[in-house]
2 protein chains.
Amino acid sequence: MPTSHTDPVTLEVVELIGTVVARYHQEYEEAAAAHSLTGAQARVLGLLTLEPTPMRKIAEKLKCEPSNVTGIIDRLESRGLVERRPDPADRRVKLAAPTDEGRDTARRLRDSLHFAREPLGELTGLERTLLRDLLRRMLGEGPAPSAP
Amino acid sequence: MPTSHTDPVTLEVVELIGTVVARYHQEYEEAAAAHSLTGAQARVLGLLTLEPTPMRKIAEKLKCEPSNVTGIIDRLESRGLVERRPDPADRRVKLAAPTDEGRDTARRLRDSLHFAREPLGELTGLERTLLRDLLRRMLGEGPAPSAP
DNA sequence: TATTGTTATACTCTATAACTATA
DNA sequence: TATAGTTATAGAGTATAACAATA
């Protein structure tokens, strides 16, 4: 039963994943910088394009303290990419939402993220399906290897 | 020829890799914090355990400006985990090297990084070999699918 | 002249604690 | 009283520019 954590194959997979992580982050930061955004600002902006979000919830997604979100939204707002709206249901809450320009910036940024797409070009459709199923199982997102 | 960058499988793989990256980073930061180190300090300390390294080269590995390395090494040095040594071959160069305590801390930190080992426990040896070969090809590290 | 490391400066992200306005 | 958001503060990482020592 090959579940050892120190066999050569496992160690190499760990190292390869480390390489993937490093490349992913580097490209993400560069793509953000190309739009004059920091990584944190880019992440928040991307988050808000899904739906207007209370400050508190943004902090949870970012896994940081709520007080930090104030500054990040401040800077995005001062650039006209985000606005604060009142929540009709609870006057304590402020919803952060992207402006039209913010949505446009987020879209262009998303399109510029080539990583994990360029490299995947090396793999056939079958191999990508295989990779998807392996990653799914690894992440415990159900072993269901559905059809491509 | 399935090399599209927008088919459902590719998009899901991209998303899964994003999840892997997020989990990896989170656990790395937590492991570093458990040893009272920042992520950057932990990365540098790990780097130095491979070999004593000139300040300039550390900056290249971290992909940051050399001026930043001064502060990171300062903080590691003030805690007794790292020391600066002269380079006999070039008196301009300072080599950063871990102390015994630094090496010990780096080892304990490395042992505490469970990610990409725990999740891999879900996969059989054959599946891990498969995953390794897919990641290798994706990263352009040679298509050689050597035996497990 | 060019390179290595450092200093000085400014900005962003981070956590902590105290504050306000609502609930 | 409890919660949402903010402010104030301090520490760390980052880039830029200028500097001393050495090559």
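Scope of the values below: all heavy atoms of this structure, side chains included, with no hydrogens, waters or symmetry mates. Quick note on labels: first sequence line is chain A, next is B, and so on, each numbered from 1.
Considering only residues two or more places apart in sequence or on other chains, B:Lys61 meets the side chain to side chain contact (heavy atoms under 4.5 Å, CB included) condition with B:Leu47. When the side chain to side chain donor-acceptor pair (under 3.5 Å) test is applied to A:Gln41, no partner is found at least two apart in sequence or on another chain. Under the side chain to side chain donor-acceptor pair (under 3.5 Å) criterion, B:Arg23 pairs with no residue at all, not counting sequence neighbours. Every residue was checked against the side chain to side chain donor-acceptor pair (under 3.5 Å) condition with A:Arg56, not counting sequence neighbours, and none meets it. Taking the side chain to side chain contact (heavy atoms under 4.5 Å, CB included) definition, one finds that B:Leu16 meets it with A:Arg132, A:Leu135, A:Arg136, A:Leu139, A:Glu141, B:Glu12, sequence neighbours left out.
At a non-hydrogen distance threshold of 4.0 Å, A:Ser67, A:Thr70 from residues 67-78 of chain A come into contact with DNA chain D. Of the residues in residues 41-65 of chain A, A:Pro54, A:Met55, A:Arg56 come within less than 4.0 Å of DNA chain D through at least one heavy atom, sorted by number. For the segment residues 79-87 of chain A, residues with any heavy atom less than 4.0 angstrom from an atom of DNA chain D are, sorted by number, A:Arg84.
With rounding to whole Å, B:Leu37 atom CG is found 15 Å from D:dG13 atom C1'. At whole-Å resolution of the value, CD in A:Glu29 and P in C:dC13 are 10 Å apart.
The OG1 atom of A:Thr124 sits 10.5 Å away from atom CG of A:Leu131, with the distance rounded to the nearest 0.5 Å. Summarising the geometry, atom CD belonging to B:Glu127 is positioned 9.5 Å from atom CG belonging to A:Asp133; distances are rounded to the nearest 0.5 Å. A distance of 10.5 Å separates CE of A:Met138 from OG1 of B:Thr19, quoted to the nearest 0.5 Å.
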Which pairs would a plain distance check flag for residues 28-37 of chain A, meaning a side-chain donor or acceptor within less than 3.5 Å of a matching protein atom at least two apart in sequence or in another chain?
from, atom 1, to, atom 2, distance (Å)
A:Tyr28, OH, A:Arg43, N, 3.4
A:Glu30, OE2, A:Gln26, NE2, 3.3
A:His35, ND1, A:Ala31, O, 3.0

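Contact of the A:Ile73 side chain with the A:Val44 side chain is registered, since non-hydrogen atoms from C-beta on lie closer than 4.5 Å. Using a 4.5 Å cut-off on side-chain heavy atoms (C-beta onward), B:Cys64 and B:Val69 make contact.
For A:Lys94, no side-chain nitrogen or oxygen approaches OP1 or OP2 of C:dA21 to under 4.0 Å. The phosphate of D:dG11 (OP1 or OP2) has no side-chain N or O of B:Thr38 nearer than 4.0 angstrom.
For residues 89-101 of chain B, every residue pair satisfying the side-chain hydrogen bond (donor to acceptor under 3.5 Å, both in side chains) rule, not counting sequence neighbours, is listed here: B:Asp90-B:Arg92, B:Asp100-B:Arg103. Residue pairs meeting the salt bridge (Lys or Arg N to Asp or Glu O under 4.0 Å) criterion with at least one member in residues 62-74 of chain A, sequence neighbours excluded: A:Asp74-A:Arg84.
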Go along nucleotides 18-23 of chain D 5' to 3' and tag each nucleotide: B for a protein heavy atom under 4.0 Å from its base, S when only backbone or sugar atoms are that close, - otherwise. ----BS
